[in-house]
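Structure record follows, encoded as structure tokens.
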Number of protein chains: 2
Amino acid sequence: MALADADGIESLSMRKLAAALDITAMSLYYHLKDKEDLLDGMLDIVHSEFATPSAGDEWRAAMRKRAGSTRSVLAQHPWAISMKARTSPGPATLGHLDSVIGCLTAAGFSMAMTGHAMSILDSYVLGFAQQEASLPLDPSGDIGDATEAIMAQQEAMADSFKNLAAMAVSLILQPGYALGNEFDFGLELILDGLEVALLSDSVSLSQ
Amino acid sequence: MALADADGIESLSMRKLAAALDITAMSLYYHLKDKEDLLDGMLDIVHSEFATPSAGDEWRAAMRKRAGSTRSVLAQHPWAISMKARTSPGPATLGHLDSVIGCLTAAGFSMAMTGHAMSILDSYVLGFAQQEASLPLDPSGDIGDATEAIMAQQEAMADSFKNLAAMAVSLILQPGYALGNEFDFGLELILDGLEVALLSDSVSLSQ
DNA sequence: CGAAAGTACCATACGGCGTATGGTGGTGTC
DNA sequence: GACACCACCATACGCCGTATGGTACTTTCG
């Protein structure tokens, strides 16, 4: 994982991993079935780093914490993002999901509504992490260094893509703009929506 | 793209692509700088398949159409999902974004709110597509074939992951459950939230 | 006309990859 | 003292992306 964080997942080879461990490539195959097996294990470790709700947590706070930690963990291990859509989950992955379901049902969510909530939250956070990872931002989230590169394309865009150009100058290039702010907006919007859905859900159940 | 759709992106090599075109691998390098160049081009074509809002479209309908078409296009080209987070957008990508910005600002969204709306919608749809692609579902979205495999793990899970097991039997394995239904729930929740935000946005602007 | 320039393709080769096959020496057990 | 097991390794095969340096054929132009 240190190698993948430093040089990118595509440059992690069995030979390089072995060299970092002072053994040869083939020795790895005593411990691992194949490279897939290695990646599955790495992904499960990533899942173990996500904040997991404890029994009794208030659901909104728990989901906020989970979303935030997921985002920051995935920012630290960007290679995990595209792998998250991987079949064959490990124990950490399953345990994490289990706690989330427990938290939501304890808060009064029906099983169907729990499924809805997890689907929308997970999709949002995963998608956001992926978009965030694709931007040439420094870790602060500030647009910083990229500004000049964008300004260079600015003239070419002004003709063909007027709206895009307008957004660039009046929003994205403004000092203080950071994609991180967008994350909270969307997350709160979703949590608000879920709260409403939760209310009508429990009403319909109690009738 | 046909090759990537059929056999997966990881099995698309310059040699195989060349063979499919009845030329040799090195001949491709007359037309392409390198393999990255090829992938960038493929991704831009995918972007051109997304439904793009026309001037004057009602924003909710336009965003619904865009989200739905994005989802189905990405389901058809699953390899594009992990590539979507790719720097160096092509003309189709930029043109698409431009139209979306135009649609939202025309509907009364401020530039900041347009940014919020695009961020949350794009994150949600992209994340959902990624999760959808990772599930072993048949194209209908029905759980179908996977049921037996899940049932086999069922006993092992019942002990360690009680909530997960409960969700499996009472929700996911129920006949008629399909992940596709989750998509619409989340999308409408987000659109509702944006509508509320749009109203308070224009109120605060008119004051 | 003939030469130069440009276009589309190709043969060969290099270093890297995942991993199949078949070892090797050290340790613990009965 | 025989045997099994553990952790590691040497060699080799068939892939991969692509650097280098061609080759025919067509178009352009003095």
Side-chain angles (χ1 to χ4, degrees), chain A residues 1-48 76-93 130 133-134 136, chain B residues 1-48 76-93 130 133-134 136:
Chain A
M1 288 176 63
L3 289 179
D5 289 349
D7 303 333
I9 191 74
E10 68 286 340
S11 101
L12 174 67
S13 70
M14 299 300 269
R15 284 168 162 89
K16 284 185 194 169
L17 172 60
L21 298 171
D22 270 322
I23 58 175
T24 69
M26 286 317 292
S27 305
L28 293 170
Y29 286 84
Y30 177 73
H31 308 274
L32 300 165
K33 189 182 159 299
D34 52 18
K35 193 177 184 182
E36 283 289 293
D37 196 16
L38 170 68
L39 297 176
D40 284 341
M42 289 169 66
L43 188 62
D44 203 48
I45 292 177
V46 169
H47 270 95
S48 76
Q76 215 159 81
H77 308 302
W79 45 267
I81 297 172
S82 47
M83 289 175 41
K84 261 212 94 196
R86 167 172 289 269
T87 23
S88 71
T93 310
Q130 178 157 159
S134 78
Chain B
M1 288 177 63
L3 289 180
D5 289 348
D7 302 334
I9 191 75
E10 68 286 343
S11 102
L12 174 67
S13 70
M14 300 299 268
R15 284 168 162 89
K16 284 185 194 167
L17 172 60
L21 297 170
D22 271 322
I23 58 176
T24 69
M26 286 316 292
S27 305
L28 293 170
Y29 287 83
Y30 176 75
H31 307 274
L32 301 166
K33 187 182 158 298
D34 52 18
K35 195 178 182 180
E36 283 290 292
D37 197 17
L38 170 67
L39 298 176
D40 283 341
M42 290 168 66
L43 188 62
D44 203 48
I45 292 176
V46 169
H47 271 94
S48 77
Q76 214 158 83
H77 308 302
W79 45 267
I81 297 171
S82 46
M83 289 175 41
K84 262 211 93 196
R86 167 172 289 269
T87 23
S88 71
T93 310
Q130 178 157 157
S134 77

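Residue numbers start from 1 in every chain, and the chains themselves are labelled A, B, ... in the order their sequence lines are given, proteins ahead of strands. Keep in mind it's a predicted model, so treat the numbers as computed, not measured.
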Distance, rounded to the nearest Å, where A:Glu10 contributes CD and C:dG18 contributes P: 12 Å
Protein-nucleotide distance (B:Leu38, atom CG; D:dT18, atom P), rounded to Å: 10 Å
Integer-rounded Å distance: D:dC8 C1' and A:Leu28 CG: 10 Å
Nearest-Å distance for atom pair OH/P, residues B:Tyr29 and D:dG17: 6 Å
Atom-pair distance (NZ on B:Lys35; P on D:dC16), nearest Å: 8 Å
Contact summary for B:Met14 and B:Leu28, nearest pair of heavy atoms: O-CD1, 3.3 Å
Distance test, side-chain N/O of B:His31 to OP1/OP2 of C:dC9, below 4.0 Å: yes
Length of the line joining A:Leu32:CG and D:dA7:P, which is rounded to integer Å: 13 Å
Shortest non-hydrogen contact from B:Ser13 toward B:Lys35: CA-NZ, 4.2 Å
Closest approach of A:Ala25 to A:Arg15 (non-hydrogen atoms, all atoms of both residues): CB-CG, 3.9 Å
Presence of B:Tyr30 side-chain N/O under 4.0 Å of C:dC9 phosphate oxygens OP1/OP2: no
Whole angstrom value for the distance that separates P of C:dG18 from CD of A:Glu36: 12 Å
Closest non-hydrogen atom pair, B:Ser11 against B:Lys16: O-NZ, 3.1 Å
For DNA chain D, the residues among residues 11-24 of chain A that have a non-hydrogen atom under 4.0 Å from it: A:Arg15, A:Ile23, A:Thr24
For the student: nearest non-hydrogen atoms of B:Ala133 and B:Ile81, plus distance: CB-CD1, 3.7 Å
B:Asp40 side-chain N/O to B:Gly90 backbone N/O, donor-acceptor pair under 3.5 Å: no
Minimum heavy-atom distance B:Met83-B:Trp79, with the two atoms named: CG-O, 3.5 Å
Rounded interatomic separation in angstrom, taking CE from A:Met26 and C1' from C:dA20: 7 Å
Below 4.0 Å: OP1/OP2 of C:dA8 and any side-chain N or O of B:Ser27: no
